[in-house]
Every structure is written in C-alpha cells, then in structure tokens.
Amino acid sequence: MTSGHPAHVVSTVMHVRYPDRLGEESYRQVLEQLAELSPVVQALPPTAALVELKGALRYHGTGARRLGEVLRVRTLSRLGVDVRVGIGPSITVATTASAQVPPPGGILAIAPQEVSSWLGPLPVEALHGIGPRQAAVLREYGIHSVGLLAAVSPATVQRLLGGKAGRTAADRARGIDPRPVVPRALPATAAVSRAFDRHVLDGADVRATLLELVVQLALLLRRRGQAARAVTLTLRFAGGSRWEKTRRLAEPSAHDEDLRQLAYRLMDAAGLQRGRLTGLVLKGEDLVDADQVAQQISLDNAREARLVAEQAVDRVRDKFGAAVIGPAAVFRHAS
C-alpha cells in the first residue's frame with residue numbers, strides 16, 4: 001500500500017464512509033472538512049462522500065494517504081466523528097477500499113500498480129457495484145473472486161449479468177472506471193420536530209401535532225425565502241424503531257395547504273393502528289429559493305383567498321409571535 005509521501009502519486013479519488021445513523025448536521029460538518037482538502041466534493045448521503053484529490057495533491061504538496069490522515073485527525077478532534085477512507089485511482093477502487101476498512105475508522109490507499117493484485121483475492125461481492133443477486137449468479141458459475149471475474153471474457157459476463165451490468169462488472173473487476181467525481185453539495189433542508197412527553201396512541205393528537213409541524217415548517221421556509229420540492233415524515237416509536245417516507249410536491253412550495261396535503265398523505269401511508277409514538281419529524285427537502293418558483297395563474301378563487309389569508313396571518317405572527325394564531329386543531333391540547 002502507498003506511503004502517501006510523494007506528491008506525484010496518481011491515486012486521486014478518496015471515498016469517505018461516515019458512521020451509520022450520523023445526523024444530517026454532522027454529515028454537513030464532515031463535508032465542510034472535506035472541502036478544506038479539495039474543492040471537488042461529491043456528497044453521497046446519507047453515509048458517504050467522494051473527493052477528487054488530483055489538484056489537492058499539488059496544492060498541499062503531499063500524498064493522498066497523508067490527506068486521508070489529516071481528514072481523520074480533523075473529524076475526530078473537531079467533530080468527534082471517525083471515518084473510513086479508501087483511496088485509489090478510480091471511484092470503484094476507492095469505494096471498494098473504504099469498505100475493507102473495519103469500523104470505526106482507518107485508511108486504505110491503493111496505488112495504480114497495485115490495483116490488480118489487491119482486487120484479485122477479494123470475494124466477488126466485495127467489488128463496488130456488485131449486488132447480492134449478481135454475486136449469487138457469479139458464484140453459481142464458479143466465479144468466487146474479483147480476480148476470477150477479471151479473467152472471464154466480458155462477453156461471458158454480459159451473458160450472465162445482462163448487457164450493461166455485465167460490461168460494467170467486467171470493467172470494474174479490471175480496475176476500469178472512467179467516471180469522474182462530480183461536485184455535488186448536500187441538498188438544503190429544513191426540519192421541525194416534536195417529541196411527546198408520553199407514548200401517544202390517539203390519532204387525533206398525532207394529526208394535530210402533524211398539522212402544528214406543517215405550520216411551523218411552512219413559516220420557516222417562507223421566512224427563509226425558500227420552497228420545498230419534497231417532504232419527509234419520520235415517525236419515532238417506543239423501543240427505538242422508526243418509520244420514514246419521502247414524497248415530492250407537484251411544484252416547489254412553502255404554503256401551508258400544499259405541505260399539509262402531502263404530510264397527511266405521508267401519515268396515511270404509514271398505516272398506523274396502535275403504534276406507540278414518541279415523536280414526529282417533518283422535513284422540507286431539496287429546497288430552492290422562492291424566487292425560482294414559477295407563479296402560476298390560478299382560477300381557484302378559494303385557494304387564492306387562502307394564500308391572501310396566509311400572508312395576513314404571517315404579518316400577525318411577525319408582530320405578535322408565531323404562537324398567537326394558527327389552525328384551531330393545533331390548539332386542541334389546550335382545551
């Protein structure tokens with residue numbers, strides 16, 4: 001494996017695996033640490049990211065492994081988060097390498113001249129992009145390792161796995177992966193939540209709480225000058241389990257009515273019966289600036305009236321506070 005000292009090492013792709021269940025804010029903070037190493041960072045939420053190091057090696061005057069060590073020191077000391085880092089000449093090699101690093105963290109750097117000898121002994125399912133079903137098919141034909149897969153003709157692999165999947169698998173087994181790291185930030189989000197003091201079974205209470213979160217989220221988005229393309233609802237249950245589902249809006253919106261309709265559909269999709277809820281989280285996903293949302297001419301007078309009323313309610317909230325006005329249902333717990 002490479003020592004990482006010469007700046008001319010060709011291994012340029014870094015794949016970083018985060019701990020499972022890492023919160024979104026911590027995920028963003030680790031992305032910020034990656035951006036300090038290289039401007040070319042591709043977020044792969046919820047638990048990974050890619051970094052192109054070619055320009056960073058010249059800028060920092062050091063090797064890829066050394067940059068991986070710097071990253072681990074920074075995430076541990078600044079964030080208390082350890083990461084698993086794979087480095088290689090392609091996305092496939094780097095991602096396969098990071099998966100071979102045992103938790104909680106570490107670094108594995110593969111130089112270009114080491115790719116074939118390192119990939120060869122690995123079990124075929126360890127190769128990035130090979131799923132359980134593909135691995136099972138390959139094993140049925142005696143292809144148990146990446147080296148054996150590389151030795152089989154691409155045409156044969158195509159017959160076993162299908163055209164595109166077979167070509168991709170055959171190339172990756174030989175270390176061929178021309179895909180570039182494409183800069184991509186984590187999409188902007190906004191979230192509101194409510195934890196219950198006791199386990200809640202009452203559907204009316206849950207629906208009232210969800211409506212309260214809808215109002216909070218919509219107001220937050222409007223104050224930030226943003227609109228959501230999608231909404232995610234997370235239900236937390238006694239015992240630590242949770243249910244989560246995301247649906248997209250027909251058009252980006254920050255209006256109470258649009259978010260409420262989608263949130264209710266998400267709640268209905270959960271099919272709750274007697275689940276003991278401990279909390280709800282409602283999140284606006286894939287946010288855009290409000291001025292990017294097209295203003296549609298509406299012939300729905302009732303909707304237009306509700307939007308005018310929404311603006312008036314916002315002015316009341318700005319003057320007297322967000323809690324002074326809202327849908328009657330959100331105040332049911334006070335009666």
Side-chain angles (χ1 to χ4, degrees), residues 1-2 4 9-22 27 30-31 33-35 37-38 40-54 56-57 63-72 75 81-135 138 143 145-147 149-150 157 161 164-186:
M1 306 311 160
T2 60
V9 173
V10 184
S11 303
T12 61
V13 179
M14 175 188 289
H15 184 268
V16 182
R17 293 182 187 267
Y18 297 23
D20 290 340
R21 297 177 180 266
L22 186 69
Y27 184 97
V30 176
L31 285 180
Q33 300 304 311
L34 296 177
L37 299 180
S38 169
V40 186
V41 177
Q42 181 176 342
L44 302 172
T47 57
L50 285 165
V51 187
E52 174 55 66
L53 297 177
K54 178 178 276 188
L57 297 179
R65 183 180 181 86
R66 176 60 179 165
L67 291 182
E69 292 168 348
V70 169
L71 173 65
R72 283 195 70 205
T75 58
V81 175
D82 204 351
V83 293
R84 295 186 288 158
V85 180
I87 299 169
S90 69
I91 290 176
T92 290
V93 175
T95 306
T96 303
S98 67
Q100 299 302 306
V101 178
I107 302 167
L108 180 56
I110 311 299
Q113 65 272 19
E114 299 172 331
V115 168
S116 297
S117 60
W118 179 75
L119 283 177
L122 294 178
V124 70
E125 60 269 20
L127 182 66
H128 171 61
I130 297 293
R133 291 184 179 179
Q134 292 177 323
L138 294 172
I143 304 172
S145 69
V146 178
L149 178 58
V157 182
L161 301 181
K164 183 177 179 180
R167 287 193 301 273
T168 299
D171 285 344
R172 291 182 179 179
R174 294 168 172 80
I176 301 170
D177 184 357
R179 293 176 298 165
V181 177
V182 180
R184 186 176 69 192
L186 191 64

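As a basis for the values below, the full set of heavy atoms in this structure was taken, side chains included, without hydrogen atoms, waters or symmetry mates.
- Panel note: side chain Arg84, backbone Val101; a donor-acceptor pair is recorded below 3.5 Å.
- Neither side chain, Asp177 nor Ser90, offers a donor N or O lying under 3.5 Å from an acceptor on the other.
- Counting only heavy atoms from C-beta outward, the side chains of Leu161 and Leu138 approach each other to under 4.5 Å.
- Around CZ of Arg133, the count of heavy atoms belonging to other residues, nucleotides or ligands within 6.0 Å does not exceed 12.
- Listed here is the closest heavy atom pair of Gly88 and Ala94: N-CB, 3.8 Å.
- Closest heavy-atom contact between Ser38 and Val41: O-CG2, 3.4 Å.
- Side chain of Glu125 to main chain of Pro132: no donor-acceptor pair is present (N/O by atom type, distance under 3.5 Å, no hydrogens or angles).
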- From CA spacing to verdict: side chain to side chain contact (heavy atoms under 4.5 Å, CB included), Leu50, Val13: CA-CA 7 Å; Leu50 285 165; Val13 179; 4.0 Å; yes
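- Between Ile110 and Val115, some side-chain heavy-atom pair lies under the 4.5 Å cut-off.
- At distances below 3.5 Å, not a single donor-acceptor pair connects side-chain atoms of Arg184 with backbone N or O atoms of Gln42.
- Arg72 and Glu69 are not joined by a salt bridge, as no carboxylate oxygen comes within less than 4.0 angstrom of a charged side-chain nitrogen.
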- Could you walk me through whether Val85 and Arg65 pass the side chain to side chain contact (heavy atoms under 4.5 Å, CB included) test, one step at a time? CA-CA 9 Å; Val85 180; Arg65 183 180 181 86; over 6 Å; no
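- Contact record, Ala97 with Gly86: CB-CA, 3.9 Å, taken as the closest heavy-atom pair.
- Nearest heavy-atom pair across Val146 and Pro123 is CG2-O, 3.7 Å.
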- side chain to side chain contact (heavy atoms under 4.5 Å, CB included) assessment of Thr92 paired with Arg179: CA-CA 9 Å; Thr92 290; Arg179 293 176 298 165; 3.8 Å; yes
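- Taken from CZ in Arg66 to CG in Leu57, the straight-line distance is 13.0 Å, to the nearest 0.5 Å.
- A donor-acceptor contact shorter than 3.5 Å links the side chain of Tyr27 to the backbone of Ala48.
- Using a 4.5 Å cut-off on side-chain heavy atoms (C-beta onward), Met14 and Val181 make no contact.
- Between the side chain of Thr96 and the backbone N or O of Val93, no donor-acceptor pair lies under 3.5 Å.
- When all heavy atoms are compared, the tightest approach of Ala173 to Leu127 is N-CD2, 3.7 Å.
- Going from atom OG1 of Thr168 over to atom NE2 of His128 covers 10.5 Å, rounded to the nearest 0.5 Å.
- The CG atom of Leu44 lies 9.0 Å from the CG atom of Leu31; values are rounded to the nearest 0.5 Å.
- Remark: the backbone N or O of Thr95 is paired with a side-chain donor or acceptor of Ser98 at under 3.5 angstrom.
- For the residue pair Thr75 and Val81, the shortest heavy atom distance occurs at OG1-O, 2.9 Å.
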- Starting from the C-alpha separation in whole Å, work towards a yes-or-no answer on side chain to side chain contact (heavy atoms under 4.5 Å, CB included) for Ile91 and His15. CA-CA 7 Å; Ile91 290 176; His15 184 268; 5.9 Å; no
